[in-house]
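Heads up, the thing below is written out as C-alpha cells.
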Amino acid sequence: MIPDLIYVPNYLSNDEGEALIRKVDSQLWMSPFKRRVQHYGYQYDYKKHRVTEDMYLGTLPSWLQELAMRLHADEMMPAIPDQVIVNEYYAGQGIAPHIDCEPCFGDTIASISLGSTCIMDFEHVQTQEKHHQVLHPNSLVVMQHEARYQWTHGIPARKSDRIEGVIQKRQRRLSLTFRTVILDYSK
C-alpha cells in the first residue's frame with residue numbers, strides 16, 4: 001500500500017531472534033528518554049538532529065556487522081549500513097511519528113523487530129493518508145525512496161494492539177534500526 005515499503009516476516013529465525021536478544025541484553029544501555037537505547041557506529045544527536053565525524057563510536061561489532069552485511073547481500077540496503085540504534089519498548093511505550101533525519105542518513109532505513117508484536121503507523125506528510133503495518137517478532141521493515149521521505153512512521157504508546165480483530169497485549173520489544181551515515185550534508 002505504501003510505495004517503496006518492504007515488509008519481510010520471519011527475516012530471522014526464532015533461534016536467531018532469541019540469540020540476538022541475548023546479545024543485545026549483554027550490552028550497555030543508555031536512557032536518554034523514557035526508553036533505553038544503544039548506539040553503534042555513530043552516536044545520533046537527538047536534540048540537534050545531526051551526526052558528525054566526532055560522533056563516531058567505531059566499527060559495528062561483529063554481531064551487528066554480520067546483520068548489516070546480510071541486509072546488503074539480500075538487497076535490502078544499497079550499501080552496508082554503518083550505524084545501528086537499538087530501541088527497547090515495554091508495554092505502554094512507543095515512538096512519536098517521524099521521518100529519520102534526512103540529511104544525516106541515506107535513502108534506505110531497515111529495522112528488525114524482536115520480542116513483542118506491535119503496530120507501526122504510517123502517515124503521508126502531504127495527504128495525511130494513513131496505513132498500519134503489523135510488526136511481528138523477527139520481521140524486517142525497509143523504508144526507502146517515497147516510504148522513507150514522504151511518510152512518517154511511529155509506534156503509538158499503548159499497552160495493546162488490535163490485530164485482525166483480536167486484542168494483543170504488548171510485551172517487551174526491541175528494534176534494531178540500520179542506517180548509512182552521510183557526514184558531508186552540511187556542505
Worksheet item: Excluding sequence neighbours, so at least two apart, what forms side chain to side chain donor-acceptor pair (under 3.5 Å) with Ser116?
Response: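 In terms of side chain to side chain donor-acceptor pair (under 3.5 Å), with neighbours along the sequence ignored, Ser116 is linked to no residue.
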Worksheet item: Under the side chain to side chain donor-acceptor pair (under 3.5 Å) test, which residues partner Asp74, sequence neighbours left out?
Response: Tyr11
For [X], check salt bridge (charged side-chain N to carboxylate O under 4.0 Å, His left out) against everything at least two apart and list the hits.
X: Glu16; answer: Arg70
X: Glu123; answer: Lys130
X: Arg158; answer: Asp161

Worksheet item: Given Thr180 and Thr108, is the side-chain contact (heavy atoms from CB on, under 4.5 Å) satisfied, shown in steps?
Response: CA-CA 8 Å; Thr180 304; Thr108 305; over 6 Å; no
Do the side chains of [X] and [Y] join up, straight or via other hydrophobic residues, at under 4.5 Å, putting them in one cluster?
X: Leu64; Y: Phe105; result: no
X: Leu174; Y: Ile112; result: yes
X: Leu176; Y: Met76; result: yes
X: Ile109; Y: Ile6; result: no
X: Leu12; Y: Val84; result: yes

Taking ring pair (Phe, Tyr, Trp, His ring centres under 6.0 Å) as the definition, give me every residue that meets it alongside [X], ordered by chain and number, with sequence neighbours left out.
X: Tyr90; result: none
X: Trp63; result: Tyr40
X: Tyr42; result: Tyr56
X: His145; result: none

Straight-line distance of [X] [atom1] to [Y] [atom2], nearest 0.5 Å:
X: Ser62; Y: Lys23; atom1: OG; atom2: NZ; answer: 6.5 Å
X: Thr52; Y: Leu183; atom1: OG1; atom2: CG; answer: 7.5 Å
X: Ser175; Y: Ile95; atom1: OG; atom2: CD1; answer: 7.0 Å
X: Met30; Y: Gln43; atom1: CE; atom2: CD; answer: 4.0 Å
X: Arg35; Y: Asn87; atom1: CZ; atom2: CG; answer: 4.5 Å
X: Leu140; Y: Phe178; atom1: CG; atom2: CZ; answer: 9.0 Å

How far apart are the closest heavy atoms of [X] and [Y], and which atoms are they?
X: Pro9; Y: Ser139; answer: CA-CB, 4.0 Å
X: Pro81; Y: Met77; answer: CG-SD, 3.4 Å
X: Pro78; Y: His72; answer: O-CE1, 3.0 Å
X: Thr152; Y: Pro97; answer: OG1-CB, 3.9 Å
X: Pro137; Y: Gly115; answer: CG-O, 2.8 Å

Worksheet item: Which is it for Arg173 and Ser113 under the side-chain contact (heavy atoms from CB on, under 4.5 Å) test, yes or no, and what are the steps along the way?
Response: CA-CA 7 Å; Arg173 176 179 170 270; Ser113 290; 2.9 Å; yes
Practice prompt. Take Gln133 and His131 through the test side-chain hydrogen bond (donor to acceptor under 3.5 Å, both in side chains) and record every step on the way to the result.
Written response: CA-CA 7 Å; Gln133 176 64 58; His131 288 286; over 6 Å; no
Does any part of the side chain of [Y], heavy atoms only, come nearer than 4.5 Å to the side chain of [X], both counted from C-beta?
X: Gln65; Y: Ile80; answer: yes
X: His39; Y: Ile85; answer: yes
X: Ser13; Y: Asn138; answer: no
X: Tyr89; Y: Cys118; answer: no
X: Ile155; Y: Arg170; answer: yes

Item to complete: Any salt bridge (charged side-chain N to carboxylate O under 4.0 Å, His left out) involving residues 84-94? Give me the pairs, sequence neighbours left out, ordered by first then second residue.
Response: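 Residue pairs passing salt bridge (charged side-chain N to carboxylate O under 4.0 Å, His left out), neighbours aside: Arg36-Glu88, Glu88-Arg172.
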Worksheet item: So which pairs with a foot in residues 89-110 pass salt bridge (charged side-chain N to carboxylate O under 4.0 Å, His left out), sequence neighbours left out?
Response: Asp100-Arg179
Discussion item. Would you say that more than 12 heavy atoms from the other residues, nucleotides or ligands in this model lie under 6.0 Å from the CD of Gln128, or not?
Written reply: yes
Worksheet item: Please walk me through it: do Leu60 and Asp82 pass side-chain contact (heavy atoms from CB on, under 4.5 Å)?
Response: CA-CA 7 Å; Leu60 297 180; Asp82 58 2; 5.5 Å; no
Worksheet entry | CA sep, side-chain torsions, deciding dist, call: Gln38, Val24, side-chain contact (heavy atoms from CB on, under 4.5 Å) | CA-CA 9 Å; Gln38 296 176 12; Val24 167; 3.6 Å; yes
Item to complete: Scan for ring-ring contact (aromatic ring centres under 6.0 Å, His included) pairs involving residues 106-126, sequence neighbours excluded, and state none if there are none.
Response: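 Of all non-adjacent pairs touching residues 106-126, those that pass ring-ring contact (aromatic ring centres under 6.0 Å, His included) are His124-Trp151.
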Practice prompt. Would you confirm whether His153, through its side chain, and Ile99, through its main-chain N or O, come within 3.5 Å as a donor-acceptor pair?
Written response: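 No.
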